[in-house]
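Data block below; observations after.
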Amino acid sequence: MKKITCLCSLLCLFSIFLAGCSDDDNNFVFDEFTQQALTQGMTVDASDGKVELKLPFGNGDWQMGFSPEADGKDWCHVDYDYYYDYTDKGDRVGEVCVITLRIDQNVNLDDRVAVLVFASDTERHILHLTQAAARRIIPEDSIYYVQAEDELLEIKFRTNMDYTYQFEFGRPEWMGVGPIERLKDLVTFHMGVKPNTGFGRRAYLKLYGEEDERILEIRQEPRTLQASEEINGLTGGDLCVKLGRNEENYRNLNTLSLNGSLNDDDLEWLKLLFPRGMNLQHLDLSTCNIYSLEGDCVIPVCCFSNALNLESIELPYTTTHIKDMAFQGCWSLKSIQIPDAVKRIGHQAFANCLGLTEIQFSESSVLQELDDCAFNLIGSTIESLTLPATLTKIANTAFRGLQLKELHVRWGVPPTLDLLDFRNDKCVLYVPTGYGDAYRNADYWKDFAEIYEEDVEE
């Protein structure tokens, strides 16, 4: 009996010894942050960010997933890795599974919840994660439209915070604020609007609270457009408001004159006036300034290409560059006056403008370059063309296919050019007085049908 008792005592002591000598992995204690998250849940704010949790490793790999009751995998993304953890003194504590939760920004007005389950062979933990709602103002639209004849407008938005409002640049005389209704997070402004008897107009309503603000644009459509219209005082981006968005209203336009500043958005809006079925034929931009991403004072690439009904256009006086294909395919264009400030006309700028009968450069022109096929006018006939004295670079295809009856040049000494691709043997050449013989003896120039001298203005 004594032997049995002694043996049991030895077994107990051996068990205590083994427990004291167990692997470090089994001595892992949750850090305070992880322990609190698993026992009490975790709440994070609406911004995006990441959270790290540490789970002990030693009882098999951890399996992770979302509970069906609160599946947050669309906004909470889980990564994990294993490494050894150490105390502040450098002692190894054990191998750790580090769970990284990458949380997307919450842009909703309500809290959202995810339940994550972490399980190993012997353990199971549940994390309740709550992300706070965004404190936001969410309008139904960024731009609210009202017809010219309408007198009422409703503006609706959702918010979960207190807010106030004001009109940017002061309340417009044509708009007033009526009753404001709020049903939980849905707010409705009832606006009074005066009928519009002019071009389109807009106002800006600013909504702001402690953590968010929004500026809403209100646009009122113009009255019925007439065949001939003049719009003054434009600032960049105004044209879409002044003309409105009713294509049926555009069809009334035959002649349009614009004054002020135009940007790329305005030039894009102008394109809406030229498809088949539209009637705009005459466009005056002479007193406009163009500010484009392609450069100030330029007519951008393809700006008016295939404006099939356009018969005449007056370009801004300040234009310095007409870019590639700017007017390509404008079949109805009859004449073009190139502004004096233009220094370069790009590739195919006026290609296939087969209705052109007049190209005008004034004596004050500073034109320097004509790119290839700038006036690719195969089969077209122009009575007379005058090239400026400042022109120093002409691509040989600049006037490809053009049938020209008279060419007037302002150079004293005949420039050396590649053969211009039009029939010079059918064309009469006019040169400055005193230089006729120089041209008659110069290669290429001597092949013109006739050469006459004429006085040139200084």
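Only heavy atoms go into these numbers, but all of them, side chains included; no hydrogens, no water, no symmetry mates. In what follows, residues are counted from 1 in the order of the sequence shown. Bear in mind the structure is a predicted one, so any value in this text is a computation, not a measurement.
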| message | Quick one about D111 and T130 (side-chain donor to acceptor, distance below 3.5 Å, no hydrogens or angles considered), yes or no? | response | no
Sorted by chain and residue number, the ring pair (Phe, Tyr, Trp, His ring centres under 6.0 Å) partners of H125 (sequence neighbours excluded) come out as F30, W62
Contacts of Q281 meeting side-chain contact (heavy atoms from CB on, under 4.5 Å) (sequence neighbours excluded), chain-then-number -> N254, E311
Does the D324 side chain pair with the main chain of H347, one donor and one acceptor, at a distance under 3.5 Å? yes
Residues at least two apart in sequence or cross-chain that pass side-chain contact (heavy atoms from CB on, under 4.5 Å) with N108, listed by chain then number, are N106, R112
Report task. Measure from NZ or CZ of K206 to the centre of the six-membered ring of Y208 and say whether it is under 6.0 Å with the direction within 45° of the ring axis. Result -> yes
### Query
Side-chain donor-acceptor pair under 3.5 Å between N259 and T287, yes or no?
yes
Those residues at least two apart in sequence (or on a different chain) that pass salt bridge (Lys or Arg N to Asp or Glu O under 4.0 Å) with D141 are none
Q | Crowding at OH, Y80 (>12 non-hydrogen neighbours, <6.0 Å) | A | no
So salt bridge (Lys or Arg N to Asp or Glu O under 4.0 Å) across residues 238-247, not counting sequence neighbours, yields R202-D238
Sorted by chain and residue number, the salt bridge (Lys or Arg N to Asp or Glu O under 4.0 Å) partners of R344 (sequence neighbours excluded) come out as E369, D371
* Between E294 and K323, is there a salt bridge with N-O shorter than 4.0 Å? -> yes
For residues 42-53, which side-chain donor-acceptor pairs fall under 3.5 Å, sequence neighbours excluded?
from : atom 1 : to  : atom 2 : distance (Å)
D45  : OD1    : S47 : N      : 3.0
D45  : OD1    : S47 : OG     : 2.6

Enumerate, atom names and distances included, each donor-acceptor pair closer than 3.5 Å involving a side-chain atom of residues 34-41, sequence neighbours excluded.
from : atom 1 : to  : atom 2 : distance (Å)
T34  : OG1    : D31 : OD1    : 3.3
T34  : OG1    : D31 : OD2    : 2.8
T34  : OG1    : K54 : N      : 3.1
T39  : OG1    : Q35 : O      : 2.8
T39  : OG1    : Q36 : O      : 3.3

Applying ring pair (Phe, Tyr, Trp, His ring centres under 6.0 Å) to F66 and not counting sequence neighbours gives none
With sequence neighbours left out, the residues meeting ring pair (Phe, Tyr, Trp, His ring centres under 6.0 Å) with Y165 are F189
Query raised in the report: Near K271 NZ, under 6.0 Å, is it more than 12 heavy atoms from other residues, nucleotides or ligands?
Result: yes
Exercise. More than 12 non-hydrogen atoms from neighbouring residues, nucleotides or ligands closer than 6.0 Å to CZ on R182, yes or no?
Worked result: yes
*E217 and R219 ion-paired at < 4.0 Å*: yes
request  = Could you tell me whether R158 and E140 make a salt bridge, using a distance below 4.0 angstrom between a side-chain N and a carboxylate O?
outcome  = no
Salt-bridge contact R135-D212 (side-chain N to carboxylate O under 4.0 Å):
no
Using distance only, find each side-chain donor-acceptor pair of residues 302-309 under 3.5 Å and give its atom names and separation, not counting sequence neighbours.
from : atom 1 : to   : atom 2 : distance (Å)
S305 : OG     : C302 : O      : 3.2
N309 : ND2    : M278 : O      : 2.4

message: side chain to side chain donor-acceptor pair (under 3.5 Å), that's the test. Do E221 and Q147 meet it? Break it down for me.
response: CA-CA 5 Å; E221 293 286 285; Q147 298 303 312; 5.2 Å; no
Sorted by chain and number, sequence neighbours left out, side chain to side chain donor-acceptor pair (under 3.5 Å) with S67 holds for E69
Can a cation-pi geometry be assigned to R223 and F199, taking NZ or CZ under 6.0 Å from the six-membered ring centre and within 45° of the ring axis? yes
